[in-house]
Amino acid sequence: MWEVFFLKRDRRFFLLFAVLGVFLLCFIFYNSAQSKTASHKRSFQVLKVISKKKKSHAKKTKRTSFWKQLVKQIPFLSLKKERGIRKLAHLLEYAALGWDLYALSIYIRRYASRRRFAVFLLFCVLVPCADELIQYFVPGRTAAFSDVCIDWMGMLIGVLLSLLMYVCVQRLSARRRLYTASQVG
């Protein structure tokens with residue numbers, strides 16, 4: 001009976017992350033298909049929200065924080081420029097996708113062949129390239145290798161976060177099994 005429950009749970013897990021992955025892909029490709037003016041408008045809206053938050057926070061504390069100094073030193077994270085928002089959005093979109101794809105690959109690696117896992121890794125490489133290819137054909141937008149590199153970096157960050165979460169869950173469940181075994185015996 002318990003084996004059936006775990007299989008159902010694993011199917012739900014796979015379905016949840018598969019739907020989330022499709023949603024993230026649609027979101028990424030939708031953003032890539034936006035015209036230059038629509039993309040700039042969205043970036044400026046985000047900048048406006050961030051600047052309001054920064055002003056309200058600056059009223060509370062007058063000293064410069066370590067994080068603000070760090071952001072000023074890293075060029076693509078500079079929140080003063082619209083380009084920085086765009087690069088940060090690329091990084092975050094692909095971090096979420098990398099996290100999701102690694103969570104899916106944990107399921108695939110456990111229940112399917114290694115070849116299917118290799119297809120997922122190839123997918124991680126091809127999606128950023130396809131994203132930039134879409135942008136190449138959108139009027140006013142260009143494809144840039146630097147964006148592909150930022151996307152890969154975001155994907156790597158997401159995969160590492162997912163791996164860290166997986167390792168933590170495995171260690172906690174091992175401790176729990178060890179604790180319950182010591183209580184029984």
Side-chain angles (χ1 to χ4, degrees), residues 13-61 64-105 107-108 119-165:
F13 170 80
F14 178 77
L15 185 62
L16 172 73
F17 283 105
V19 168
L20 181 62
V22 168
F23 172 77
L24 286 169
L25 280 173
C26 290
F27 179 73
I28 287 170
F29 290 147
Y30 172 77
N31 287 337
S32 294
Q34 294 295 309
S35 68
K36 182 179 181 179
T37 55
S39 181
H40 282 292
K41 184 179 177 182
R42 183 181 291 169
S43 298
F44 282 119
Q45 288 172 344
V46 170
L47 269 176
K48 195 184 299 183
V49 169
I50 289 174
S51 66
K52 284 181 185 177
K53 296 287 183 188
K54 284 174 66 174
K55 286 179 184 175
S56 67
H57 181 67
K59 289 178 184 176
K60 293 177 187 174
T61 61
T64 350
S65 70
F66 167 76
W67 296 109
K68 284 184 183 178
Q69 292 173 358
L70 181 67
V71 164
K72 287 179 184 176
Q73 292 175 1
I74 301 173
F76 75 87
L77 289 180
S78 174
L79 298 179
K80 292 182 179 180
K81 298 180 181 178
E82 183 258 348
R83 179 175 159 83
I85 290 294
R86 298 163 78 74
K87 301 304 176 194
L88 186 61
H90 270 271
L91 188 81
L92 293 176
E93 285 174 341
Y94 279 92
L97 185 63
W99 179 80
D100 181 67
L101 286 178
Y102 191 77
L104 274 173
S105 71
Y107 177 86
I108 294 297
V119 168
F120 270 98
L121 291 179
L122 182 65
F123 191 72
C124 290
V125 172
L126 293 179
V127 169
C129 295
D131 181 29
E132 291 304 310
L133 188 65
I134 289 171
Q135 286 184 15
Y136 179 75
F137 292 107
V138 174
R141 305 276 306 260
T142 58
F145 183 71
S146 62
D147 284 349
V148 172
C149 292
I150 290 171
D151 296 345
W152 285 336
M153 212 172 24
M155 189 95 58
L156 179 65
I157 289 169
V159 166
L160 291 176
L161 286 174
S162 185
L163 179 63
L164 180 68
M165 289 174 62

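Both backbone and side-chain heavy atoms feed into the values below; hydrogens, waters and symmetry mates do not. Count residues from 1 along the sequence.
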- How far does CG of Leu97 sit from CG of Leu20, to the nearest 0.5 angstrom? 8.5 Å
- More than 12 heavy atoms of other residues, nucleotides or ligands under 6.0 Å from CZ of Phe29: is that the case? yes
- Task: Look at Asp147 together with Lys87 and state whether they make a salt bridge at an N to O cut-off of under 4.0 Å.
- Result: yes
- CG of Asp100 to CZ of Phe17: how many Å apart, nearest 0.5 Å? 6.5 Å
- Task: Before giving the answer on side-chain contact (heavy atoms from CB on, under 4.5 Å), spell out for Thr142 and Tyr136 the whole-Å C-alpha distance, their side-chain angles and the decisive distance to 0.1 Å.
- Result: CA-CA 5 Å; Thr142 58; Tyr136 179 75; over 6 Å; no
- Task: Check Leu91 against Ile150 and note the closest heavy-atom contact, atom names and distance.
- Result: CD1-O, 3.7 Å
- Item | Pairwise distance CH2(Trp152) to CD1(Ile157) - rounded to 0.5 angstrom | 15.0 Å
- Query: Which distance, rounded to the nearest 0.5 Å, do you find between the CG of Leu104 and the OG of Ser162?
  - Reply: 9.0 Å
- Query: Any side-chain donor paired with an acceptor under 3.5 Å for Ser35 and Arg141?
  - Reply: no
- Backbone N/O of Ala144 and side chain of Glu132: donor-acceptor pair under 3.5 Å: yes
- Message: Which heavy atom of Cys124 sits nearest to which heavy atom of Leu101, and what is that distance?
- Response: SG-CD1, 3.6 Å
- Keeping the roles fixed (side chain from Asp151, backbone from Tyr94), state whether a donor-acceptor pair exists under 3.5 Å. no
- Task: Output the distance between atom CH2 (Trp99) and atom CE (Met165), rounded to the nearest 0.5 Å.
- Result: 5.0 Å
- Message: I need the Met153 CE to His90 NE2 distance, nearest 0.5 Å.
- Response: 12.0 Å
- Message: Are the side chains of Glu93 and Asn31 in contact, using a 4.5 Å heavy-atom criterion?
- Response: yes
- Message: Quick check: do Leu160 and Leu164 have side-chain heavy atoms less than 4.5 Å from each other?
- Response: no
- Item | Over all atoms of both residues, closest heavy-atom pair of Ser39 and Arg86 | OG-NH1, 2.6 Å
